[in-house]
Protein chains: 2
Amino acid sequence: MAKERAAVGPCTSWPEDSAFIREVLDRIGDKWTVLVLTTLGDRTLRYSDLMASIPGVSQRMLTVTLKALERDGLVARQAYAEIPPRVEYRATDLGRSLQRAVLQLSQWAVENHSAVAANRALHERVGVGRAGVKGAPEALAE
Amino acid sequence: MAKERAAVGPCTSWPEDSAFIREVLDRIGDKWTVLVLTTLGDRTLRYSDLMASIPGVSQRMLTVTLKALERDGLVARQAYAEIPPRVEYRATDLGRSLQRAVLQLSQWAVENHSAVAANRALHERVGVGRAGVKGAPEALAE
DNA sequence: CGGTATCCTGAAAGATACTG
DNA sequence: CAGTATCTTTCAGGATACCG
């Protein structure tokens with residue numbers, strides 16, 4: 001009765017979810033979000049701590065990243081009216097749950113980067129010119 | 001003996017790993033990689049299947065994405081010298097392991113998008129003007 | 001059918017300077 | 001100390017046209 005498989009379609013997730021996934025990927029895909037989040041860990045750090053702990057980040061990008069994280073409820077900002085000012089950041093429960101999800105990816109990266117590098121090297125050696133059309137299937141490196 | 005904690009530093013991963021993590025994030029952070037990978041699933045699909053199954057993707061971006069995935073050994077490409085030509089793609093074992101890691105993130109997205117949306121709405125209502133410095137800590141929404 | 005080759009634009013992010 | 005305000009560069013990705 002039901003059509004076998006109308007238009008192939010994604011298999012692990014539904015179309016209506018992909019928007020949510022895109023949102024998350026847009027956030028963690030940027031250059032600093034994951035670094036800020038993992039640097040934060042379960043600690044409470046000040047702005048200047050984050051600056052010092054994240055090599056290469058500019059004031060602008062750290063601020064932009066923190067604001068985005070705060071907006072999404074992933075980090076909490078606590079400002080104290082002192083002189084000189086003090087502002088502390090920490091991951092919220094939501095933020096820590098994202099940390100854990102990202103950790104899976106980090107572990108994948110650490111475990112598999114050498115395999116990826118090997119495949120890259122392989123593709124450079126065989127080159128685009130060699131990459132091949134054959135009459136019979138050739139077993140590709142896997 | 002050991003210094004207590006020299007410069008705060010990341011807590012969940014080591015600096016030397018962050019480069020690998022960035023590589024992965026750069027790949028899956030782009031617009032189409034995850035979509036291609038999850039669409040592929042454990043099936044074997046042709047180029048035109050992927051085009052049809054991924055709404056909005058252009059030939060150029062599909063090709064670019066597939067080439068990058070192939071280069072990294074995440075998908076295998078199989079071309080048949082027929083007329084008209086036929087090219088099939090499938091995720092490698094490495095690619096499927098990445099699918100599983102990404103799945104964690106997808107689940108996080110599905111489970112928590114409403115919480116994120118709520119926090120966003122909250123921050124819009126209180127506005128930048130209200131977001132506040134106080135003498136005593138105010139409990140931020142968490 | 002399964003791609004390449006160009007051109008072009010908007011958004012991300014680096015550099016730099018200034019401020020409550 | 002903890003930001004904001006601009007300016008500039010870079011480049012991912014879309015549009016379009018063509019090819020084996």
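Note that the structure is a prediction, hence the values are computed from the model and not measured.
- Across the protein-nucleic acid pair, A/M61 atom CE and D/dT10 atom P stand 17 Å apart, rounded to whole Å.
- An OP1 or OP2 oxygen of C/dT4 is reached within less than 4.0 angstrom by a side-chain nitrogen or oxygen of B/K67.
- Proximity of B/T63 to the phosphate of C/dG3: no side-chain N or O atom is located under 4.0 Å from OP1 or OP2.
- For B/D26 and C/dA13, the CG to P distance is 10 Å, given to the nearest whole Å.
- One can place CD1 of B/I28 at 16 Å from P of D/dA12, the figure rounded to the nearest angstrom.
- Between A/R77 and D/dG3, a side-chain N or O to OP1/OP2 separation shorter than 4.0 Å is present.
- Ion pairing of A/R90 with A/E88 is absent here, as no side-chain N (NZ or NE/NH1/NH2) approaches a carboxylate O to less than 4.0 Å.
- In this structure, B/R27 and B/T33 approach most closely via the heavy-atom pair O-OG1, 3.3 Å.
- You'll find that the side chain of A/S48 is closest to D/dA2, out of C/dA13, C/dG2, D/dA2.
- Salt-bridge annotation for B/R46 and B/D49: absent, with no side-chain N of the basic residue lying under 4.0 Å from a carboxylate O of the acidic one.
- Proximity of A/Y89 to the phosphate of D/dG3: a side-chain N or O atom is located under 4.0 Å from OP1 or OP2.
- Salt bridge annotation for B/E70-A/R120: absent, with no cationic side-chain nitrogen under 4.0 angstrom from a carboxylate oxygen.
- In this structure, B/Y47 and B/Y89 have tilted ring planes: the angle between them lies in the 30° to 60° band.
- Atoms CG (B/D30) and C1' (C/dA12) sit 15 Å apart, rounded to a whole Å.
- Atoms CD (B/E88) and C1' (C/dC1) sit 13 Å apart, rounded to a whole Å.
- Taking the side chain as every heavy atom from C-beta outward, B/T38 and B/Q99 never approach each other to under 4.5 Å.
- Residue B/D49 contributes atom CG, which lies 8 Å from atom P of C/dG2 at whole-angstrom precision.
- For the pair A/V102 and A/S106, the minimum side-chain heavy-atom distance is below 4.5 Å.
- B/R86 places its CZ atom 18 Å from the C1' atom of D/dG20, with the value rounded to the nearest Å.
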Sugar-phosphate or base contact per nucleotide [nucleotides 15-20 of chain C; S, B, -; heavy atom under 4.0 Å]: B----B

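- At whole-Å resolution of the value, CH2 in A/W32 and P in C/dA13 are 9 Å apart.
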